[in-house]
*Asks:* 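The structure that follows is given in the form of structure tokens.
Note that the coordinates shown come from a computational prediction; the quantities given were computed from them, not determined experimentally. Here is how names work: the chains are called A, B, and so on, in the same order as the sequence lines, proteins then strands, and each is numbered from 1. In what follows, every heavy atom counts, from backbone to side chain, and hydrogens, waters and symmetry copies are set aside.
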Number of protein chains: 2
Amino acid sequence: MAASKTKPAAEEPNRRADIVRAAGRLFHEKGYSATTIRDIAHAVGMGSGSPFYHFKTKHDMLRAVVLEGIGAIHQAVAKAANSGKAPRATFEAMLRAHLDQLLGEQGRDFAAALLHESRHLDPAEQAELVALKDRYEVMWQKALRDLKGAGLIADDSHVARLFLLGALNWTVQWYRPEGPRTVEQIARQLASFVIGKPQRP
Amino acid sequence: MAASKTKPAAEEPNRRADIVRAAGRLFHEKGYSATTIRDIAHAVGMGSGSPFYHFKTKHDMLRAVVLEGIGAIHQAVAKAANSGKAPRATFEAMLRAHLDQLLGEQGRDFAAALLHESRHLDPAEQAELVALKDRYEVMWQKALRDLKGAGLIADDSHVARLFLLGALNWTVQWYRPEGPRTVEQIARQLASFVIGKPQRP
DNA sequence: GCTTGTCAAGCAAGCGCTTGCTTGGTAGCA
DNA sequence: TGCTACCAAGCAAGCGCTTGCTTGACAAGC
């Protein structure tokens with residue numbers, strides 16, 4: 001991705017990536033419309049017009065943020081899905097991967113922007129995004145099918161997947177890093193909530 | 001709620017309520033920051049400065065919308081919660097009431113604004129809102145406790161409630177009125193998803 | 001060794017437009 | 001006459017974005 005020049009030095013400062021990170025954080029905190037170019041520029045220590053050297057429009061920054069978000073989640077969950085473990089272990093690993101992106105320090109701003117700000121994209125871009133989301137959700141559908149095949153859940157329908165992803169994505173609204181629960185614990189509890197059986201009285 | 005004057009006539013035109021409705025719809029569609037006073041004024045057929053006769057600031061309009069949202073949900077679910085039916089029937093009625101507000105024509109804009117735009121309130125107002133939400137969620141905690149008491153679920157913990165409300169609130173993201181599922185059906189399926197037992201193969 | 005040219009990256013200033021909100025006035029009703 | 005509800009016009013501030021110019025790094029030419 002950063003290999004257009006023959007200068008891939010160890011730790012070159014990538015200002016474009018800095019802008020995407022800052023934009024992601026600000027879009028998450030204040031929302032796309034309430035974030036100004038000046039906010040973003042200030043956050044990376046630039047003058048107010050300089051970000052436009054790297055991006056044509058503010059809109060393009062949102063696109064970069066959102067694509068970064070779904071890309072990272074997809075990659076993380078795909079890795080967990082293909083780990084070759086038993087259905088329940090695979091499922092839990094997928095939950096953990098998704099939650100890591102959603103709540104962890106690296107991914108949360110991109111993920112939150114993906115979930116809440118992508119409506120500001122124009123229709124064509126939204127359609128593109130829907131396609132990416134569909135590809136992503138196929139992995140969950142398979143995971144639920146495998147759980148049902150193993151007799152661990154009763155319902156692997158379309159709606160069941162929507163409920164599951166709802167419970168997952170809603171964690172953004174209430175999870176606090178300084179709170180009592182770790183991401184690991186939440187993943188396990190959600191697995192138990194869905195599967196229901198292996199749980200102490 | 002609309003009884004400050006001694007003029008509760010059958011169908012008096014209440015322009016203030018019109019503004020709140022229009023603001024709710026626009027906040028839902030475009031977000032608070034991206035909605036302009038001119039948008040709202042135009043939607044109710046006013047000049048661009050006239051809404052300020054009814055509201056001091058745009059901010060106050062958001063407050064009115066959000067309070068309308070949580071008030072309506074609370075009222076609807078409280079009625080279902082106190083219906084005196086058996087735990088499972090009560091639970092399903094509560095789900096239906098919550099979803100009606102979230103997805104039905106009357107409440108959805110207020111509910112969506114409540115869920116997605118309340119971050120634009122200032123800290124004091126947000127604290128006030130958190131208190132209202134807590135009062136609301138107590139009803140769900142009790143419903144889950146009753147379900148567990150009746151042996152219908154294994155887990156009535158704090159997190160279980162968060163997962164449940166997540167699955168519920170996330171419906172806003174995927175439900176389409178013209179889609180294949182009615183609110184009634186979704187409520188029943190979510191009940192089955194949580195309780196898990198009474199379900200055909 | 002010094003000049004010259006090129007290029008990426010950014011700055012300071014500001015343009016045209018939109019924003020939330022204010023103001024002075026007024027039509028309609030009691 | 002006075003009050004309610006509104007309009008037309010406009011203000012100051014802030015917005016996304018453009019522009020002309022500067023800076024530092026690097027290479028070529030002599």
*Asks:* Rounded off to whole Å, could you give me the NE2-to-C1' distance for the B/H120 and C/dG20 pair?
*Replies:*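 In whole Å, C/dG20 C1' and B/H120 NE2 are 15 Å from each other.
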
*Asks:* For residues 99-109 of chain A, which residue pairs qualify under side-chain hydrogen bond (donor to acceptor under 3.5 Å, both in side chains), counting only residues two or more places apart or in two chains?
*Replies:* none

*Asks:* Work out which heavy atom in B/A187 is nearest to a heavy atom in B/L95; give both atom names and the distance.
*Replies:*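 Looks like O-CD1, 3.5 Å.
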
*Asks:* Quick test: give all pairs of protein nitrogen or oxygen and nucleotides 28-30 of chain C nitrogen or oxygen below 3.5 Å, distance rounded to 0.1 Å.
*Replies:*
none

*Asks:* Show me the donor-acceptor pairs within less than 3.5 Å that the side chains of residues 160-171 of chain B make with the rest of the protein, sequence neighbours left out.
*Replies:*
residue, atom, partner, partner atom, Å
B/R161, NE, B/E137, OE1, 3.3
B/R161, NH1, B/Q141, OE1, 2.7
B/R161, NH2, B/E137, OE1, 2.6
B/N169, OD1, B/H98, NE2, 2.8
B/N169, ND2, B/L165, O, 3.3
B/T171, OG1, B/L168, O, 2.5

*Asks:* When rounded to the nearest 0.5 angstrom, what distance separates CZ in A/R15 from OG in A/S50?
*Replies:* 9.0 Å

*Asks:* With sequence neighbours left out, write down each residue that passes side chain to side chain contact (heavy atoms under 4.5 Å, CB included) with B/A41, or none if nothing qualifies.
*Replies:* B/M46, B/P51

*Asks:* Could you grab the distance from atom CG of A/L152 to atom CZ of A/F91, nearest 0.5 Å is fine?
*Replies:*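 It comes to 10.0 Å.
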
*Asks:* With nearest nucleotides of DNA chain D determined for A/G49 and B/M46 from heavy-atom distances, which residue corresponds to the more 5′ nucleotide?
*Replies:*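 So the residue in question is B/M46.
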
*Asks:* Can you list every pair that meets salt bridge (Lys or Arg N to Asp or Glu O under 4.0 Å) and has a residue in residues 162-190 of chain A, with sequence neighbours left out?
*Replies:* A/R96-A/E184, A/E184-A/R188

*Asks:* Output the single nucleotide from C/dC11, D/dC6, D/dC17 whose closest atom is nearest the side chain of A/S48.
*Replies:* D/dC17

*Asks:* Below 4.0 angstrom, which residues in residues 53-64 of chain B have at least one non-hydrogen atom near DNA chain C?
*Replies:* B/T57, B/K58

*Asks:* Rounding to a whole Å, what distance do you find between A/I19:CD1 and C/dA8:P?
*Replies:* 16 Å

*Asks:* Please state whether the phosphate of C/dC11, meaning OP1 or OP2, lies under 4.0 angstrom from any side-chain nitrogen or oxygen of A/S50.
*Replies:* yes

*Asks:* Identify the two heavy atoms, one from A/A23 and one from A/V65, that lie closest to each other, and give their separation to 0.1 Å.
*Replies:*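 Distance-wise, the nearest heavy atoms are CB-CG2, 4.0 Å.
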
*Asks:* Side chain to side chain contact (heavy atoms under 4.5 Å, CB included) with B/D39: which residues, sequence neighbours excluded?
*Replies:*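 Once residues adjacent in sequence are excluded, the partners of B/D39 under the side chain to side chain contact (heavy atoms under 4.5 Å, CB included) criterion are B/L26, B/K30, B/T35, B/T36.
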
*Asks:* What ring pair (Phe, Tyr, Trp, His ring centres under 6.0 Å) pairs are there with at least one residue in residues 43-64 of chain B, not counting sequence neighbours?
*Replies:* none

*Asks:* How close or far is atom C1' of C/dA12 from atom CZ of A/F52, stated in whole angstroms?
*Replies:* 15 Å

*Asks:* Taking B/T90 for the side chain and B/A81 for the main chain, is one N or O donor matched with an acceptor at less than 3.5 Å?
*Replies:*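 No, B/T90 side chain to B/A81 backbone: no donor-acceptor pair under 3.5 Å.
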
*Asks:* Taking side chain to side chain contact (heavy atoms under 4.5 Å, CB included) as the test, write out the residues that go with B/Y175, two or more places apart.
*Replies:* B/L103, B/P177, B/V183, B/I186

*Asks:* Heavy atom of residues 36-43 of chain A under 4.0 Å from DNA chain D: which residues?
*Replies:* A/T36, A/I37, A/R38

*Asks:* Please list, in numerical order, the residues of residues 27-35 of chain B that have a heavy atom closer than 4.0 Å to any atom of DNA chain C.
*Replies:*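 Output list: B/T35.
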
*Asks:* Could you pull out all residues at least two apart from A/R145 that satisfy salt bridge (charged side-chain N to carboxylate O under 4.0 Å, His left out)?
*Replies:*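 A/R145: no salt bridge (charged side-chain N to carboxylate O under 4.0 Å, His left out) contacts found.
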
*Asks:* Reckon A/R15 has a side-chain N or O less than 4.0 Å from the OP1 or OP2 of C/dG10?
*Replies:*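 So the side chain of A/R15 is within the cut-off, an N or O lying under 4.0 Å from OP1 or OP2 of C/dG10.
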
